[in-house]
2 protein chains.
Amino acid sequence: MQSAISPDTARHTVRVTAQRTGLTPHTLRAWERRYQVVAPGRSEGGQRLYSDLDIQRLSLLRRLTERGHSIARLAEVSQEDLERTAREDSGSKSPEPKPLGDDFGAKDFSAAALNATRRLDAAELHAVLERASITLGVPVFLDQVVVPTLRGIGQGWSEGTVSIAHEHLASGVIRRVLGWILRVYEITESAPRLVVATPPRQAHEMGAMLAGAAAAAEGWDVTYLGADLPIPEILASAGQVGANGVALSIVYPAIDRGLVSDLELLRGGLGSRIPLIVGGYAASQDRDRLTSIGVQVVDSLDQFRESLDDLRDRV
Amino acid sequence: MQSAISPDTARHTVRVTAQRTGLTPHTLRAWERRYQVVAPGRSEGGQRLYSDLDIQRLSLLRRLTERGHSIARLAEVSQEDLERTAREDSGSKSPEPKPLGDDFGAKDFSAAALNATRRLDAAELHAVLERASITLGVPVFLDQVVVPTLRGIGQGWSEGTVSIAHEHLASGVIRRVLGWILRVYEITESAPRLVVATPPRQAHEMGAMLAGAAAAAEGWDVTYLGADLPIPEILASAGQVGANGVALSIVYPAIDRGLVSDLELLRGGLGSRIPLIVGGYAASQDRDRLTSIGVQVVDSLDQFRESLDDLRDRV
DNA sequence: ACGCAGTTGTCTAACTGTTGTCAAGAAATA
DNA sequence: TATTTCTTGACAACAGTTAGACAACTGCGT
């Protein structure tokens with residue numbers, strides 16, 4: 001990605017695309033000609049201009065073809081199925097490692113990320129995460145790189161091997177990468193809208209960012225409002241953007257009384273047509289109390305995706 | 001000094017400009033001729049006279065081209081903007097011809113940014129900011145777009161026309177753009193290193209991010225550690241990355257006793273060779289108390305740049 | 001085991017697009 | 001006076017375009 005210029009102008013030449021996807025320009029053109037796996041724009045002079053999304057898709061295709069899937073078959077498959085396949089395949093790293101050994105699995109990426117964090121090397125951390133998201137596809141990246149990395153940092157912190165400085169540096173970089181994902185996915189006119197935030201007194205926004213990125217990858221038009229947001233503000237924002245759903249992340253262990261009544265207030269204010277999805281460690285802990293007030297509780301990113309899917313079908 | 005934004009006094013020949021931007025005079029003229037990427041003034045005899053703004057803009061463009069963006073496309077992006085702001089200008093307000101001074105459309109950009117913020121349109125806000133940075137160059141962008149936009153949001157908040165949700169959304173996007181700048185300017189071997197953070201109990205990190213971006217644009221290798229960082233952590237990090245300087249941002253109105261003693265501690269811990277620069281609203285308020293303990297206080301981004309320049313010369 | 005048809009990555013050839021650099025003589029600058 | 005910069009047009013080097021060819025490989029039926 002690195003740095004895209006802006007969503008609609010973010011266009012990369014074949015050379016850059018080849019470098020970032022690990023394919024040769026020849027292959028890139030052959031795949032396009034034979035299977036229409038991508039449809040890059042063209043410059044005035046007729047040169048191909050690939051979007052960030054094209055690069056993601058192509059990297060994913062490369063990874064899957066290397067694992068034995070035929071490109072012809074993959075080309076007929078939707079992006080969604082592609083990512084599902086990626087998820088299934090990523091568990092079992094190929095038994096025969098590639099000769100060059102540049103085939104990173106999710107574990108290698110999160111190890112490299114932790115390493116960069118410990119060295120306070122923000123540039124390297126960013127590079128690692130970006131590569132991971134491109135080669136693995138966003139859903140796999142979130143589940144198997146970002147989450148484990150955050151967990152690793154948390155663990156390192158409790159063991160005393162990772163300091164607050166390390167943690168801040170990593171959060172900053174991860175926030176940036178997740179923010180990038182939020183805007184890489186092209187939003188269509190008809191995309192359902194989701195408001196993502198963290199309710200009052202919940203200052204940890206990583207969960208919310210993860211949720212936002214996951215939703216964006218599922219094709220939602222995400223409005224990300226950050227942490228510690230008063231209920232009336234959430235309501236007003238949902239109204240302003242015409243949201244089809246609201247998702248909140250709650251991680252602090254004990255759910256206080258105020259929070260439950262806050263959520264009740266929000267639940268009521270949204271009206272019956274707009275669902276409220278709540279996730280995060282603390283949400284699972286208190287699932288009963290939350291479901292009883294009409295809030296949908298999800299235990300994992302995967303479950304969150306399912307909820308989004310259901311919801312989208314109803315819209 | 002090279003960074004002081006005073007376009008009327010600072011005029012540079014091609015040679016100087018070439019040296020500062022890292023481009024050859026040939027390329028400079030070619031870019032101007034082919035893409036109208038700059039429009040330098042002329043001496044009486046017709047020699048090109050580049051402003052500081054031109055230089056900053058050109059060096060940003062050079063970095064972006066090195067990252068794989070085509071100069072033609074980059075030029076197109078900022079060209080669009082100049083035309084657009086010019087149109088809006090002539091249509092809406094002052095029939096007075098615009099003084100080709102430093103605010104060159106910066107006002108239009110920050111107005112557009114505020115507008116996008118009010119509409120909760122993160123994508124548009126991002127696009128506006130990115131284009132502004134390419135059109136104006138990083139320092140001018142920071143001084144005349146980001147700072148006014150933040151100020152405008154603050155003012156809107158106190159007037160009740162901007163809510164917390166708007167503010168959060170904007171902060172998120174601005175953080176991302178500033179992070180992007182940090183990245184674009186990275187990779188320079190032998191660049192002096194700067195650690196940027198916010199001391200304990202100072203949760204507003206925007207000032208620190210601005211400082212980080214400004215320093216990066218001046219050629220520093222910035223390690224950005226975020227907000228609310230304990231003194232021992234700052235010290236340890238400065239040690240770990242081998243910092244040549246530490247910069248802190250302090251915005252909360254009242255400087256408490258704890259903060260002063262914290263800074264004293266930090267000042268002592270850094271040793272005499274590593275300067276400690278502190279900026280932000282609250283720092284100016286308490287300048288005397290801070291300077292007396294050996295801390296350098298800066299009142300503006302520009303002053304911060306000067307301090308960095310001095311410092312760099314000494315390294 | 002063998003051959004066949006389809007698949008797939010790579011390559012060539014001829015051409016166009018993009019971009020950095022240069023030449024030459026005139027003019028400005030220090 | 002010695003340098004530097006000016007302009008215009010040209011050019012080379014590289015990158016990217018199409019169309020088609022080719023060989024290595026696949027799976028499959030015999």
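In this text, all values refer to a predicted model and were calculated from it rather than measured experimentally. Each chain gets a letter, A, B and so on, in the order the sequences are listed, and its residues count up from 1.
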Gap between atom CG of A:L49 and atom CZ of B:R73 - 0.5 Å precision | 5.0 Å
Report the distance from atom CG of B:L136 to atom CZ of B:R131, rounding to the nearest 0.5 Å.
->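 Nearest 0.5 Å value for the CG-CZ distance: 13.0 Å.
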Nucleotide by nucleotide, nucleotides 20-28 of chain C touches protein heavy atoms under 4.0 Å in the pattern (B base, S sugar-phosphate only, - none) BBB-----S
Does a side chain donor of either B:S307 or B:D310 reach within less than 3.5 Å of an acceptor in the other side chain?
->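 Per modelled atom types, B:S307 and B:D310 side chains form no pair under 3.5 Å.
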Nearest to the side chain of B:R42, which nucleotide is it out of C:dT19, D:dC6, D:dT5?
->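 Nucleotide nearest to B:R42's side chain: D:dC6.
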d([atom1], [X]; [atom2], [N]) in whole Å:
X: A:R73; N: D:dT26; atom1: CZ; atom2: C1'; value: 12 Å
X: B:L58; N: C:dT19; atom1: CG; atom2: C1'; value: 16 Å
X: A:L28; N: C:dT10; atom1: CG; atom2: C1'; value: 14 Å
X: A:R15; N: C:dT19; atom1: CZ; atom2: P; value: 10 Å
X: A:L74; N: C:dT7; atom1: CG; atom2: C1'; value: 13 Å
X: B:R29; N: D:dT5; atom1: CZ; atom2: P; value: 7 Å
X: A:Y50; N: D:dG16; atom1: OH; atom2: C1'; value: 10 Å
X: A:E32; N: D:dG16; atom1: CD; atom2: P; value: 14 Å

Above 12 or not: heavy atoms from other molecules or residues under 6.0 Å from CD of A:Q19?
->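 Count not over threshold, so no.
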A:D52 and A:H12: side chain to side chain donor-acceptor pair (under 3.5 Å), yes or no, with the steps?
-> CA-CA 8 Å; A:D52 283 326; A:H12 312 281; 2.8 Å; yes
Test: B:D143 and B:R305 ion pair at under 4.0 Å |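 Looking at B:R305 together with B:D143, the answer is yes, because their closest N to O distance falls below 4.0 Å.
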Side-chain ion pair, B:E32 and B:R42, N-O less than 4.0 Å =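 Salt bridge between B:E32 and B:R42, a charged N being under 4.0 Å from a carboxylate O: yes.
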Begin from the C-alpha positions of B:N244 and B:L311 and carry the test side chain to side chain contact (heavy atoms under 4.5 Å, CB included) through to its verdict.
-> CA-CA 8 Å; B:N244 301 105; B:L311 178 49; 5.6 Å; no
Hey, what bend do you get for the helix from C:dA1-D:dT30 to C:dA30-D:dT1 if you fit axes on five pairs at each end, rounded to 10°?
->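 One end's axis against the other's: 50°.
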Given side chain to side chain contact (heavy atoms under 4.5 Å, CB included), test B:S110 with B:Q144 step by step and report yes or no.
-> CA-CA 8 Å; B:S110 56; B:Q144 299 181 24; over 6 Å; no
Ignoring backbone atoms, establish whether A:S70 has a side-chain N or O less than 4.0 Å from OP1 or OP2 of C:dT8.
-> yes
Please report the C-alpha distance between A:Y50 and A:L28 in whole Å, then the side-chain angles of each, then the deciding distance to 0.1 Å, and finally whether the side chain to side chain contact (heavy atoms under 4.5 Å, CB included) criterion is met.
-> CA-CA 11 Å; A:Y50 296 86; A:L28 238 33; 3.8 Å; yes
Can you tabulate the close N/O pairs, meaning under 3.5 Å, that link protein atoms to atoms of nucleotides 1-3 of chain D?
none

